[in-house]
Amino acid sequence: MAAVILKDGSRREYPQPVTPLAVARELSQRLAAEAVVAKVNGVLWDLNREMPAEAELELLDFENPEARNVYRHSTAHLMAQAVRQLYPGVRLAIGPAIEDGFYYDFDLDKTFTPEDLVKIQARMAELARANQQIERRVLSRDKALALFREQGEDYKVELIEALPEDAEISLYQQGDFVDLCAGPHVGSTGRLKAFKLTSVAGAYWRGDEHQPMLQRIYGTSFPKASQLEEHLALLEEAKKRDHRKLGRELDLFSLSEEGPGMPIYHPNGVVIWNELLKLWREEHGKDGYLEIRTPQILNKRLWERSGHWDNYADKMYFTEVDETPFALKPMNCPGAMLWYLTSHHSYRDFPLRSAELGLVHRHELSGALHGLMRVRAFTQDDAHIFMLPSQIEEEVGGVIELVDRLYKVFGLEYKLELSTKPEKFMGTEEQWEAATSALMRVLEKRGIDYKINPGDGAFYGPKIDFHILDSLKRGWQCATIQLDFQMPERFDLTYTGEDGQEHRPVIVHRVAYGAIDRFLGILIEHFAGAFPVWLAPVQVKILPIADRHHEYCRKLAAKLQKAGIRVQADLRNEKIGFKIRQAETEKVPYMLVVGDKEVEAGKAALRTRVEGDVGQVDVKEFQERVLAEIKTRKLG
RNA sequence: GCCGAUGUGGCUCAACUGGUAGAGCAGCUGAUUUGUAAUCAGCAGGUUAGGGGUUCGAGUCCCCUCGUCGGCUCCA
């Protein structure tokens, strides 16, 4: 006897064990056709694998994220099967599903070319058409090891050896292809309909740069061709939002060969930059931050003292002045420590919030550079908060609120991560333990969702990071809050307590935007270059129809400019359609068209970026409207 | 840094298997005085990223350097 309980609570009984697929077929053909994988007693389960005697069954289709991963993972197997057939001698590593697709890592002497991808994809289509059954088998550890040793699959052997003693070792087979895999998978290769191999790239075995470099082929798959096409079209759209492309088109910034990773900001970019800082200073003023500025280069001995010399030297730039070694600052903290040391401090001063817009230089790996997102010279909106240990939770909470307040202005969504002790660290295990649990408490008390990112902390302390996605859904760290018990020791920072004794303060390092540069890159992609009025480099463009309207337009522009609006009059000898087209491509929020009718009426014809031509408006009213939008930092 | 791809005027691209660099846009000049996403004409602009090599001859082939793009985290 076998019993199956469906999601609606109904119970079905069978004389002997059944597969989820068999049950699905009884329920409806459509369900059977669309189900990708099952969930049996809460565990993902192959559709063609017999269920235990008492099974709570749920059938998942492609819309379900877990099922989608199974579908992509099965496509990765199909690709590996094709590669194995086409390139004998290839060794397989791993092939998981990822966001929006899958990959598989291969070790092969020959390097894959784009033509190879076409060939592989064609073979995959053949194998899918053959509709081979995908079957699960469980093997003993020894047998599994023997099997993969015999096949020369060194990576699989290594994977099995790394599995815990009691782990069940399962294999999946389709035709002549066997792979070590926890599963589950779709029932047969014919279920895989629309797939595309998108790129090939190098990847280290186990993500470790000391391990061999493998070739990773990326792809994606869907049950319907239309879904695949839609996805590819979406990617094309996303590329149009790329901040590197828009940065050039909107004349915001550039990068030169002479300064890799060191952006040059053009006047339009600096307008936005300054608006960001204006908002930043307003919000930090509300929270009582004191702004400081510290030097660009400082004596080597300072960096030895801070620990950067031992922990960060490979990313630093050096110079020598009067035979004395100096370093270009990669972080602002040591400078802030010097400021703290210039006077005595009392517990009454705490929390002492010092902020600094500091330009730092870090020699990032050349292959890691990416537009404004990863650069070698960037401005951090840094702050160092000196405080009593008892003030940690409240201060960290305050920073979280400040960041949230700032990001809301832009309508940005973010995710939080808690990064723990890295391999290279200063201090003791106990200090790290205390600091990490303090950060956890703050997050949990506020009921904030977060993910733990093991080993990604700074060398001086654990941190909470805010991640924002770019147009291609790549995550970038923006704000970060880092607890630090090390700098106070290193710099022998003290304050006088209530008891009249000297004590050690605690420091929180934090950035809100993160790097202004990266944040600007994020914003360009977030708004697709169509900035809200308060950020737009040019807020209003005045477009005369003919020369005889120039005088009126000049006066109008002067008036708006005097009111504090960034306005430009396009007095070139061009037709109105041409001027409008250009203003549209520049994504200017408002255009004022002026011809005979407007001059006579003393008005202007308004055209907006979102609504198009809206007809004549009263200039005074328009001015008030724009000023209000600027003041409230209206979105959209 | 590593793997792969790539690099032609400010931008987007062209130049058959090696045969002495072309176009559009932008720029400049002139004509046109224009009503909601490109008026017409002319002019100017590149030692093809840099260096070396092969060749009678290199943007095209080879080597080195530099830049750029994608990836190198998401653990069968």
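Protein chains get the first letters and strands the later ones, always in sequence-line order, with residue 1 at the start of each.
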Chemist: Taking the six-membered ring for Trp, are Phe106(A) and Tyr104(A) closer than 6.0 Å centroid to centroid?
Modeler: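 Yes, ring centres under 6.0 Å apart.
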Chemist: Can you identify which nucleotide, out of U33(B), G4(B), G67(B), has its nearest atom closest to the Ala546(A) side chain?
Modeler: U33(B)
Chemist: Phosphate oxygens OP1/OP2 of U68(B): is one of them under 4.0 Å from a side-chain N or O of Arg244(A)?
Modeler: no
Chemist: Going by the rule salt bridge (charged side-chain N to carboxylate O under 4.0 Å, His left out), which residues pair with Lys239(A) if we only count those two or more places apart in sequence or in a different chain?
Modeler: Glu236(A)
Chemist: Taking atom P in both G19(B) and C11(B), what distance in whole Å separates the two?
Modeler: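 26 Å, rounded to whole Å.
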Chemist: Rounded off to whole Å, could you give me the NZ-to-P distance for the Lys315(A) and G1(B) pair?
Modeler: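 Result: 13 Å.
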Chemist: Applying side-chain contact (heavy atoms from CB on, under 4.5 Å), can you list everything that pairs with Arg607(A), at least two apart in sequence or on another chain?
Modeler: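 Only Ile580(A), Glu584(A), Met591(A) meet the side-chain contact (heavy atoms from CB on, under 4.5 Å) criterion with Arg607(A).
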Chemist: Quick check: Phe102(A) with His73(A) (ring centres under 6.0 Å apart)?
Modeler: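 Judged by ring-centre distance (under 6.0 Å), His73(A) and Phe102(A) do not meet the cut-off.
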Chemist: Could you work out the separation of A58(B) and C43(B) based on their P atoms and round it to a whole Å?
Modeler: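 To the nearest whole Å, 31 Å.
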Chemist: Applying ring pair (Phe, Tyr, Trp, His ring centres under 6.0 Å), name anything that partners His266(A), two or more places apart in sequence or on another chain.
Modeler: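 By the ring pair (Phe, Tyr, Trp, His ring centres under 6.0 Å) rule, His266(A) matches no residue at all.
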Chemist: Rounding to the closest angstrom, what is the interatomic distance between U20(B) and C2(B) at atom C1'?
Modeler: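 Here U20(B) and C2(B) have their C1' atoms 40 Å from each other.
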Chemist: Assess the pair Phe459(A) and His308(A): is the distance between their ring centroids shorter than 6.0 Å?
Modeler: yes
Chemist: What distance, rounded to whole Å, do you find between the two C1' atoms, one in A15(B) and one in G50(B)?
Modeler: 23 Å
Chemist: How does RNA chain B look in dot-bracket form if you count Watson-Crick and G-U pairs under 3.5 Å, write [ ] for pairs that cross, and put | where a base pairs with another strand?
Modeler: (((((((..((((.....[..)))).(((((.......))))).....(((((..]....))))))))))))....
Chemist: Using the C1' atom on both, measure U65(B) against G57(B) and round to a whole Å.
Modeler: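 Taking atom C1' in both U65(B) and G57(B), they lie 26 Å apart.
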Chemist: Could you tell me how far apart Asn268(A) (CG) and G10(B) (C1') are, to the nearest whole angstrom?
Modeler: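 It works out to 16 Å between those atoms.
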Chemist: Just by protein heavy atoms under 4.0 Å, how would nucleotides 71-76 of chain B read 5' to 3' in B, S and -?
Modeler: BBSSSB
Chemist: Does NZ or CZ of Arg216(A) lie under 6.0 Å from the centre of the six-membered ring of Tyr103(A), at an angle within 45° of the ring axis?
Modeler: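 Satisfied, under 6.0 Å and within 45°.
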Chemist: The criterion is salt bridge (charged side-chain N to carboxylate O under 4.0 Å, His left out); which residues satisfy it with Arg49(A), sequence neighbours excluded?
Modeler: none
Chemist: Select from Gln215(A) and Leu472(A) the residue whose nearest nucleotide in RNA chain B is closer to the 5' end of that strand.
Modeler: Gln215(A)
Chemist: Please report the distance separating the P of A31(B) from the corresponding atom of U48(B), rounded so that it comes out in whole Å.
Modeler: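 Nearest-Å result for A31(B) against U48(B) at atom P: 38 Å.
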Chemist: Check whether Asp46(A) reaches the backbone of His185(A) with its side chain - one donor and one acceptor, N or O, closer than 3.5 Å.
Modeler: yes
Chemist: For Phe527(A), what residues pass the ring pair (Phe, Tyr, Trp, His ring centres under 6.0 Å) criterion, not counting sequence neighbours?
Modeler: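 Result, ring pair (Phe, Tyr, Trp, His ring centres under 6.0 Å) vs Phe527(A): none returned.
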Chemist: Does Ala97(A) offer a backbone N or O that forms a donor-acceptor pair with the side chain of Arg68(A) under 3.5 Å?
Modeler: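 No, because the side chain of Arg68(A) does not come within donor-acceptor range (under 3.5 Å) of the backbone of Ala97(A).
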Chemist: Using a 4.0 Å heavy-atom cut-off across all strands, classify Ser366(A) as base, sugar-phosphate, or nothing.
Modeler: base
Chemist: Check whether NZ of the Lys or CZ of the Arg Arg72(A) lies under 6.0 Å from the centre of the six-membered ring of Phe222(A) and within 45 degrees of that ring's axis.
Modeler: yes
Chemist: In whole Å, measure the gap between the C1' atoms of G27(B) and G9(B) for me.
Modeler: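 Taking atom C1' in both G27(B) and G9(B), they lie 12 Å apart.
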Chemist: Specify the residues of residues 136-154 of chain A, ordered by number, for which at least one heavy atom lies under 4.0 angstrom from an atom of RNA chain B.
Modeler: none
Chemist: Please figure out whether Arg248(A) or Thr113(A) has its closest RNA chain B nucleotide nearer the 5' end.
Modeler: Thr113(A)
Chemist: With sequence neighbours left out, what residues match Glu621(A) under salt bridge (charged side-chain N to carboxylate O under 4.0 Å, His left out)?
Modeler: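 With sequence neighbours excluded, Glu621(A) shows a salt bridge (charged side-chain N to carboxylate O under 4.0 Å, His left out) to no residue whatsoever.
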Chemist: When you check every protein heavy atom under 4.0 Å of nucleotides 35-49 of chain B, what one-letter string (B, S, -) results, 5' to 3'?
Modeler: BBBBB----------
Chemist: Taking C25(B) as the reference, what is the distance to G71(B) when you measure between their P atoms (whole Å, please)?
Modeler: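 The same atom, P, in both gives a distance of 35 Å.
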Chemist: The criterion is ring pair (Phe, Tyr, Trp, His ring centres under 6.0 Å); which residues satisfy it with Tyr552(A), sequence neighbours excluded?
Modeler: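 Not a single residue meets the ring pair (Phe, Tyr, Trp, His ring centres under 6.0 Å) criterion with Tyr552(A).
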Chemist: What pairs with Tyr87(A) under ring pair (Phe, Tyr, Trp, His ring centres under 6.0 Å), at least two apart in sequence or on another chain?
Modeler: Phe112(A)
Chemist: Let me know the distance between CD of Glu586(A) and C1' of A26(B), rounded to the nearest Å.
Modeler: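 Going from CD in Glu586(A) over to C1' in A26(B) covers 12 Å.
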